[in-house]
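Structure first, then comments.
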Amino acid sequence: MPDDQHSAERGSLNTMFDVLSHSTRRQILVELADHNLRTEAAFETEEFAADGNSDSPETELHHIHLPNLADAGFINWGPRTETITRGPRFSEIEPLLVVIDDHKETLPVDWP
């Protein structure tokens, strides 16, 4: 494998692990794997802010998590329509989401 391709794959994998490192983003992606079209309101609960930050779930959702997922290409987010759908790179992260979902009973408690 050429070094450029290997480096790109490693960067992509690092991006996926970075995205999955936060429970809110994991939960959003797992939910999208089950139901492609979602609304922001589905994620505006205390359940999605379990990390103890002082910011409200809505603030974190709109200013951190949804923009990060959209920038990575894993979701399409329409702030005006308040809709979230699978993005152009969703299929790249989907196998990891399947592993997370298939092994949720054996993963740490804070995993979706």
Side-chain angles (χ1 to χ4, degrees):
M1 175 181 323
D3 285 339
D4 289 343
Q5 183 180 358
H6 190 284
S7 179
E9 287 176 4
R10 188 174 338 165
S12 180
L13 187 58
N14 287 341
T15 298
M16 285 188 261
F17 285 136
D18 183 53
V19 163
L20 293 171
S21 71
H22 194 281
S23 62
T24 298
R25 292 190 293 267
R26 284 193 308 270
Q27 289 177 298
I28 290 169
L29 292 170
V30 167
E31 290 293 324
L32 276 179
D34 290 337
H35 306 286
N36 185 22
L37 178 63
R38 303 297 297 215
T39 63
E40 290 178 15
F43 302 109
E44 292 178 348
T45 65
E46 292 300 321
E47 170 186 353
F48 287 93
D51 64 2
N53 278 344
S54 59
D55 291 336
S56 73
E58 295 85 6
T59 300
E60 286 187 12
L61 186 70
H62 293 109
H63 295 284
I64 299 170
H65 304 305
L66 294 176
N68 285 349
L69 291 169
D71 288 346
F74 298 128
I75 67 167
N76 292 318
W77 172 42
R80 290 186 181 170
T81 61
E82 298 183 351
T83 56
I84 305 163
T85 59
R86 296 175 190 161
R89 294 187 57 212
F90 188 84
S91 63
E92 294 175 30
I93 203 165
E94 193 167 21
L96 292 173
L97 300 173
V98 169
V99 169
I100 289 169
D101 194 46
D102 287 351
H103 297 280
K104 60 186 164 199
E105 283 82 28
T106 59
L107 290 171
V109 174
D110 65 339
W111 285 69

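Taken together through direct or relayed side-chain contacts under 4.5 Å among Ile, Leu, Val, Met, Phe, Trp and Tyr, Leu13 and Val19 form part of one hydrophobic cluster. Phe90 and Val98 are assigned to two separate hydrophobic clusters, defined by single-linkage of ILVMFWY side chains at heavy-atom distances under 4.5 Å.
Rounding to the nearest 0.5 Å places CG of Asp101 at 11.0 Å from CD of Glu94. Atom CG of Leu69 sits about 8.5 Å away from atom CG of Leu32, to the nearest 0.5 Å. The distance from atom CG of Leu66 to atom OG1 of Thr24, rounded to the nearest 0.5 Å, is 10.0 Å. Atom-to-atom distance recorded for His22:NE2 and Ile64:CD1 is 7.0 Å, nearest 0.5 angstrom.
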Indicate every side-chain donor-acceptor pair of residues 71-81 with a distance under 3.5 Å to a residue at least two apart or in another chain.
from  : atom 1 : to    : atom 2 : distance (Å)
Asn76 : ND2    : Arg86 : O      : 3.1
Trp77 : NE1    : Glu40 : OE2    : 2.6
Thr81 : OG1    : Gly78 : O      : 3.2
Thr81 : OG1    : Thr83 : OG1    : 2.8

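In this view, His103 and Val99, Thr106, Leu107 satisfy the side chain to side chain contact (heavy atoms under 4.5 Å, CB included) rule, not counting sequence neighbours. Residues passing the side-chain hydrogen bond (donor to acceptor under 3.5 Å, both in side chains) test with Arg89, sequence neighbours excluded: Ser12, Glu92. Residues passing the side chain to side chain contact (heavy atoms under 4.5 Å, CB included) test with Ser21 are Asp18, Arg25, sequence neighbours excluded.
Leu20 has its side chain within reach of Ile100: a pair of non-hydrogen atoms, C-beta onward, lies under 4.5 Å apart.
The two residues Ile93 and Met16 have their closest heavy-atom pair at CA-SD, 3.7 Å.
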